[in-house]
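The next block holds one structure in the form of structure tokens; read it before the comments.
Whatever order the structure lists them in is the order used to number ligands and atoms, beginning at 1. Start at 1 with the first residue, then count along the sequence.
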Amino acid sequence: MSEIDVPESHPRYQSLLTRHRIEEGVEKGITSKQGLIAEGRGEAFDYLLGERTIESADEAARAAAALLLLADRPVLSVNGNVAALVPGEIVELAAAVDADVEVNLFNRTDERMEAIAAHLHEHDPEAAGVEIKGLTADARIPGLEHERSKVDADGIGAADVVLVPLEDGDRAEALAAMGKSEIVIDLNPLSRSAQAAAVPIVDNILRAVPNVTRHAEALCDASREELESIVGDFDPDAALSAAEGAIRSGDLE
Ligand code: PTJ
């Protein structure tokens, strides 16, 4: 038996595990109540995609790994849903691509910021040389009026590549306008953040983050030219169309 009282062979195991982690996140003050609604939206799209990593999402995960390995200052952005669902996996990805992690919240309060940073620290980022940022908040993303504009100057403020999972589109658009390359993880191929991304990964974050790490580990000895050609060959519009096509085909496997 696993973390939930349901065998892993249960057909809805992943979805039940996700709900359990989000509920626990709300109880611990990590995830906002709105995070429950966001989870429901994601779950609906995951159901339509057959709760699997489609081929185009795997290609996007490989391009994301290459982009992160090429970056000078990569940062992985974490909100309350990401912290509840994949805290250890985010630290592992940051270690694999030499990135920092930054907490960035829509419903920002000091209590939630600290609870999320403490939750990430339980996964021993220091041992992997990963810094948890976001609490300094000494810079702003221009053109955004809400709390998500608050970033660390030496974190997202200075980043060239940012991983932006599970959020609405306006910050993704504002970061793109600042000239940053964005990798978005979002199960909705029509969302504004997926549309704004250089690399949209249309997959459940539970599958996508370990998959990017796996690709990064496989590519760690690749030359700069090879990494550049993986990124150059990736077509974000084709990836979004493929995901939409998979949803429309109704092939749930
Ligand atoms: O923690 P905070 O305060 O920063 O708030 C974060 C939430 C998630 C509440 C906020 O960003 C929000 O309201 O997001 P939205 O607008 O509901 O967008 C969330 C997107 O993530 C939707 O397009 C969902 O389809 C998608 N999504 C939800 N769960 C998953 C997901 N994508 C991948 N994997 C998931 N598990």
Practice problem: Report yes or no: does a heavy atom of D203 sit under 4.0 Å from some atom of ligand 1? | Solution: yes

Self-check item: atom 23 (O) of ligand 1: the protein heavy-atom neighbour that sits closest, reported with distance to 0.1 Å
Solution: D186 OD1, 2.9 Å

Quiz prompt | L163 side chain near V75 side chain, heavy-atom distance below 4.5 Å | solution = no

Quiz prompt | Atom indices of ligand 1, in the order listed, that fall short of 4.0 Å to a heavy atom of N81 | solution = 8 (C)

Exercise. Please name the pair of heavy atoms, one in P7 and one in Y13, separated by the smallest distance, quoted to 0.1 Å.
Key: O-CD1, 3.4 Å

Quiz prompt | Basic-acidic side-chain contact under 4.0 Å: R192, E173 | solution = yes

Quiz item: Sub-3.5 Å donor-acceptor pair from the side chain of Q195 to the main-chain atoms of P189, do we have one?
Solution: yes

Exercise. Inspect the contact between D100 and K133 and indicate whether a charged nitrogen and a carboxylate oxygen are less than 4.0 angstrom apart.
Key: yes

Exercise. Please identify which atoms of ligand 1 are closer than 4.0 Å to at least one heavy atom of R41.
Key: 15 (P), 16 (O), 17 (O), 18 (O), 25 (O)

Quiz item: Which atoms of ligand 1 are found less than 4.0 Å from any heavy atom of A38?
Solution: 8 (C), 17 (O), 28 (C), 29 (N)

Quiz item: Is the count of non-hydrogen atoms from other residues, nucleotides or ligands lying under 6.0 Å from D98 atom CG greater than 12?
Solution: no

Exercise. For a side-chain contact (heavy atoms from CB on, under 4.5 Å) with L120, tell me which candidate from V78, V130, I30, V82 qualifies.
Key: V78

Self-check item: Part of R112 with heavy atoms under 4.0 Å of ligand 1, whether side chain, backbone, both or neither
Solution: side chain

Self-check item: Contact check, R148 vs ligand 1, heavy-atom distance below 4.0 Å
Solution: yes

Quiz item: Got a salt bridge between R248 and E244, using NZ or NE/NH1/NH2 to carboxylate O under 4.0 Å?
Solution: yes

Quiz item: What residue and atom, counting heavy atoms only, is the protein's closest point to atom 6 (C) of ligand 1, and at what distance?
Solution: N79 ND2, 3.6 Å

Practice problem: Indicate yes or no: does an N/O atom of N107 lie under 3.5 Å from an N/O atom of ligand 1? | Solution: yes

Exercise. Please write down residue, atom name and distance for the protein heavy atom closest to atom 32 (N) of ligand 1.
Key: L187 N, 3.2 Å

Self-check item: For atom 31 (C) of ligand 1, the option (of L166, I22, N188) bearing the nearest heavy atom
Solution: L166

Exercise. Check E89, R21, E51 against L206 for a side-chain contact (heavy atoms from CB on, under 4.5 Å) and give me the one that passes.
Key: R21

Quiz prompt | N211 side chain vs A61 backbone, donor-acceptor pair below 3.5 Å | solution = no

Quiz item: How does L206 reach ligand 1, if at all, at less than 4.0 Å between non-hydrogen atoms: by side chain, backbone, both, or neither?
Solution: neither

Quiz item: Which ligand 1 atoms does L105 reach within 4.0 Å, using its non-hydrogen atoms?
Solution: 1 (O), 4 (O)

Quiz item: Do I183 and V164 have side-chain heavy atoms sitting under 4.5 Å apart?
Solution: no

Quiz item: What do we get for R108 next to ligand 1 when only non-hydrogen atoms under 4.0 Å count, side chain, backbone, both or neither?
Solution: neither

Quiz item: Can you tell me if CD on E55 sees more than 12 non-hydrogen neighbours from other groups inside 6.0 Å?
Solution: no

Quiz prompt | Close-contact set for ligand 1 against G42 heavy atoms, below 4.0 Å | solution = 24 (C), 25 (O), 27 (N), 28 (C), 29 (N)

Quiz prompt | Any N/O pair T18/ligand 1 closer than 3.5 Å | solution = no

Quiz prompt | Atoms in ligand 1 with a heavy atom of G35 nearer than 4.0 Å | solution = 9 (C)

Quiz item: By number and element, which atoms of ligand 1 are closer than 4.0 Å to a non-hydrogen atom of Q34?
Solution: 9 (C)

Exercise. Please answer whether the main-chain N or O of E145 pairs with a side-chain N or O of R148 as donor and acceptor at a distance below 3.5 Å.
Key: no

Quiz item: Counting each atom of ligand 1 from 1 as listed, which ones have a heavy atom of G80 under 4.0 Å away?
Solution: 1 (O)

Quiz item: To which protein heavy atom is atom 4 (O) of ligand 1 closest, and what is the distance rounded to 0.1 Å?
Solution: F106 N, 2.7 Å

Quiz item: Is the shortest side-chain N to carboxylate O distance from D58 to R207 below 4.0 Å?
Solution: no

Quiz prompt | Closest approach of any protein heavy atom to atom 36 (N) of ligand 1, naming residue and atom | solution = N204 OD1, 3.1 Å

Quiz item: To which protein heavy atom is atom 34 (N) of ligand 1 closest, and what is the distance rounded to 0.1 Å?
Solution: I205 N, 3.0 Å

Practice problem: Please say whether F45 places an N or O atom under 3.5 Å from an N or O atom belonging to ligand 1. | Solution: no

